[in-house]
Amino acid sequence: MQKYSVFSLVKNAFSNHENWDLAWKDPTPKKEYDVVIIGGGGHGLATAYYLAKEHNINNVAIIEKGWIGGGNVGRNTTIIRSNYMHDDNALFSEFGMDLWRRMSQDLNYNVMFSPRGIINLAHSDAQMNTYARRGNSMRLNGIDAVLLNREQVREIIPMADFSENVRFPIFGGLMQPSAGTARHDAVAWGYARQADSMGVDIIQNCEVIGFDVSAGKINGVRTSRGDIKAKKIGLCVAGSTNILAEKLNMTLPIETHLLQACVSEPVKPVLDNVVTFGAGHFYISQSDKGEMVMGGDLDGYNSYAQRGNLPTLQHVLTEGIAMMPFLSKLKMLRTWGGIMDMSMDGSPIIDKTHIEGLYLNCGWCYGGFKATPASGWTFAHTIAQDRVHDLNAGYSLNRFNTGHLLDEKGLGTKTWIS
Amino acid sequence: MRSQNEFSYGGDATVKRPELGKEISDQDWDNFVYNRKSLRGKHWELWQHLSGCRQWIKIQRDTATHEIFKTLKANEEIS
Ligand SMILES: Cc1cc2nc3c(=O)[nH]c(=O)nc-3n(C[C@H](O)[C@H](O)[C@H](O)COP(=O)(O)OP(=O)(O)OC[C@H]3O[C@@H](n4cnc5c(N)ncnc54)[C@H](O)[C@@H]3O)c2cc1C
C-alpha cells in the first residue's frame with residue numbers, strides 16, 4: 001500500500017495526481033471466507049480492520065449493498081463524546097476516545113479528529129444538579145467533565161441567547177473538553193483502505209438477501225451476487241437490522257426510525273464547540289468549511305424513508321433559534337436523513353446470538369458514529385474469540401430478558417421519543 | 001386533510017399485552033415490552049389525534065413511502 005505523506009503528495013504532484021493507487025480494490029466475491037461482515041458502514045469496516053490487525057484473521061469479506069460510506073457513517077453529524085453516566089457506556093466510549101486520538105496515525109489517513117469540546121446547556125437548577133451528578137460520575141470513570149456556570153458559558157458561547165426574558169434561560173452547562181468531531185467519510189475510507197491492504201475483500205453493490213442456517217449453525221449468506229460461505233458472520237447493518245433479523249426468524253428489541261440533519265450556508269467562525277440545547281433536542285457545531293451543522297429529534301414514527309419530513313425539521317430549528325437567535329438569518333444549504341437502529345433502552349447490542357457463528361452489532365440509535373472504533377474493536381474480539389470482551393459485556397442481547405437495561409436517559413421503550 | 005402536527009405517534013399496533021392473571025413466560029413478556037418487527041413496508045400503528053379530537057386510531061402505513069392504506073378505530077381488530 002502506498003503510504004500517504006507529504007513526500008508522496010509532492011511526488012504525485014509531478015504527475016498531476018493522476019498516478020495515485022486506488023485506495024481499495026473491487027474484488028469479485030470468493031466462494032468462501034473465514035468471516036463475512038454484512039454492512040460496509042463505519043462499524044463493518046472497523047470490524048474487518050481490527051479482525052485483520054488484532055486477530056490476524058485476513059480472509060474476510062465486507063458485503064455492502066450500496067457503496068461503502070453511503071449509510072449512516074456518511075450521514076451523521078460527527079459528534080464524538082464519552083459523557084455517559086452508566087459505567088458500561090462510559091468505559092466503552094472512553095476506550096473509543098483513546099482510539100480516536102490515535103486514529104489518523106494508526107490508519108495513515110487524516111480523519112480530522114477535532115477535540116473541540118462539547119457543552120450540554122442547562123436551563124434550570126434541577127438540570128444543573130443532574131449535570132453535576134453526571135459530571136461526577138464521568139470523573140469517577142476517568143473522563144474529563146467541567147461544570148460551567150452561566151458566565152463561563154457566556155464566555156465560551158457568546159452567540160447563545162443570554163437576554164433576560166427568554167423562555168429557557170441558560171443556567172450553565174456541562175462540558176467534556178476532550179469531546180469533538182471528525183470527518184465522517186474519512187473514517188470510512190481510512191478503515192476501508194487499511195482493511196483492504198491487509199487482505200480484506202470489500203464487496204460493494206452486493207446485497208445480502210438471506211442466510212444459510214442449519215442445525216443451529218450459520219453456514220453462509222445468500223447475496224445478489226451468489227452464495228458465499230462462512231462459518232462466522234457479523235451483522236453490522238444499522239438501520240436495516242430489522243430486515244435481516246426477520247430473515248433469521250429473530251425479533252429484536254430494535255425499531256427503525258429516521259433522523260434528519262441539516263447544514264446552513266457557510267459563515268465565518270462563530271462557534272468553537274459542539275453545543276446541545278437542554279430544553280429540547282437540538283445540537284450544533286460548525287464545520288471546517290463554515291457551515292453550521294445541526295440536528296435534533298427523530299421524525300417520530302417508524303421509517304425507512306431515508307429522507308425526512310418538514311414538521312420535525314421546523315420544530316428542531318425553532319429550538320435552535322431559541323438557543324442561538326442569529327441562526328434565523330442563515331440560509332439552509334442541505335437537509336438529509338438516515339435510518340437508525342433504535343434500541344429499547346437507547347444502548348447498543350454487541351453480542352453472540354443463539355445461532356452459532358452469527359454475531360450481532362446493532363442498536364446504535366443516533367450515537368453510533370463516535371462508537372465506530374470501539375465497536376469495531378470489541379466486535380472483532382467477540383467474533384475472533386467467540387466470546388464478548390469486558391468492554392462490551394454490558395451490551396448483551398439478553399439484558400432485555402434479565403432486566404439489566406442500560407437506559408442512560410431513563411426514557412423506557414418509546415424509541416420514537418428518545 | 002389534517003396537518004401531521006396534530007397527530008402523535010403511539011407505536012406498533014399489533015403488540016398485545018399478555019392476558020391478565022394468566023401464567024406467561026419471560027419470552028412472552030419480552031415480546032410485549034421490547035421486541036418489535038419494525039419492517040420496511042406496511043406497518044399497523046397507533047396514532048392519537050392529540051391536538052384535535054384526542055381519539056386513538058389504528059393506521060396501516062408504508063414505512064418507506066408513508067402511504068396510508070387503511071384506518072381503524074382503536075377498538076377495532078386488525079383483520
Ligand atoms: C442525521 C444523523 C446524525 C447522526 N449524528 C451522530 C452524531 O453526531 N454522533 C454519533 O456518534 N452518531 C451519529 N449518528 C449515528 C451514526 O451515524 C450511526 O449510529 C452509525 O453510523 C451506524 O453504524 P454504521 O456506520 O456501521 O452504519 P451505516 O453506515 O448505516 O452502515 C450500515 C451499512 O449496511 C448496509 N446494508 C444494509 N442492509 C444490507 C444488506 N442486506 N446487505 C448488505 N449491506 C447492507 C447499508 O447499505 C449501510 O452501508 C447520526 C445518524 C444520522 C442519520
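Quick caveat, the model's predicted, so the values are computed rather than measured. Within every chain, numbering begins at 1; the chains are lettered A, B, ... in the order of the sequence lines, protein sequences first and strands thereafter.
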> At a heavy-atom separation under 4.5 Å, does A/Ile243 approach chain B through its side chain, its backbone, both, or neither?
Replying inline: both
>> Quick check on B/Glu19: does its CD atom have over 12 non-hydrogen neighbours (other residues, nucleotides or ligands) under 6.0 Å away?
In response: no
> Are A/Asn401 and B/Tyr34 close enough, and set up right, to give a side chain to side chain donor-acceptor pair (under 3.5 Å), and what steps lead you there?
Replying inline: CA-CA 9 Å; A/Asn401 190 272; B/Tyr34 301 117; over 6 Å; no
>> Under the criterion side-chain contact (heavy atoms from CB on, under 4.5 Å), I'd like the reasoning laid out for B/Ser38 against A/His257: C-alpha separation, chi angles, the key distance, then a yes or no.
In response: CA-CA 9 Å; B/Ser38 189; A/His257 287 270; 5.9 Å; no
>> My understanding is that only residues two or more places apart in sequence, or in another chain, count here; which of them pass side chain to side chain contact (heavy atoms under 4.5 Å, CB included) with A/Thr335?
In response: A/Cys262, A/Leu313, A/Met332
>> Return the CG to OH distance between B/Leu39 and A/Tyr304, rounded to the nearest 0.5 Å.
In response: 5.5 Å
> Taking the six-membered ring for Trp, are A/Tyr301 and B/Trp47 parallel (under 30°), tilted (30 to 60°) or perpendicular (over 60°)?
Replying inline: tilted
>> Under the rule for side chain to side chain donor-acceptor pair (under 3.5 Å), what residues qualify as partners of A/Thr413, not counting sequence neighbours?
In response: none
> CZ/B/Arg40 to CD1/A/Ile339 distance, rounded to the nearest 0.5 angstrom?
Replying inline: 7.0 Å
> Is there side-chain contact between A/Asn302 and B/Tyr9, with at least one heavy-atom pair below 4.5 Å?
Replying inline: yes
> Tell me, side chain or backbone of A/Leu405 under 4.5 Å from chain B's heavy atoms, or both, or neither?
Replying inline: side chain
> CH2 of A/Trp67: more than 12 outside heavy atoms within 6.0 angstrom?
Replying inline: no
> How long is the span from the CE atom in A/Met344 to the CG atom in B/Asn35, to the nearest 0.5 Å?
Replying inline: 8.0 Å
>> Can you tell me how far apart OG1 (A/Thr251) and CG (B/Asp30) are? Round to the nearest 0.5 Å.
In response: 11.0 Å
> With a 4.5 angstrom heavy-atom cut-off, which part of A/Glu255 approaches chain B: side chain, backbone, both or neither?
Replying inline: both
>> Determine whether a donor-acceptor pair (N or O, by modelled atom type, separation under 3.5 Å) exists between the side chain of A/Asn242 and the backbone of B/Lys37.
In response: yes
> Would you find more than 12 non-hydrogen atoms of other residues, nucleotides or ligands less than 6.0 Å from B/His49 atom NE2?
Replying inline: yes
> Taking C-beta and beyond as the side chain, do B/Thr63 and A/Ser303 meet within less than 4.5 Å on heavy atoms?
Replying inline: no
>> Are there over 12 heavy-atom neighbours, none belonging to A/Arg225, within less than 6.0 Å of that residue's CZ?
In response: yes
>> Set out, in order, the CA-CA distance, both residues' side-chain angles and the distance that settles side-chain contact (heavy atoms from CB on, under 4.5 Å) for A/Asn309 and B/His66, then state yes or no.
In response: CA-CA 10 Å; A/Asn309 283 331; B/His66 305 316; 3.8 Å; yes
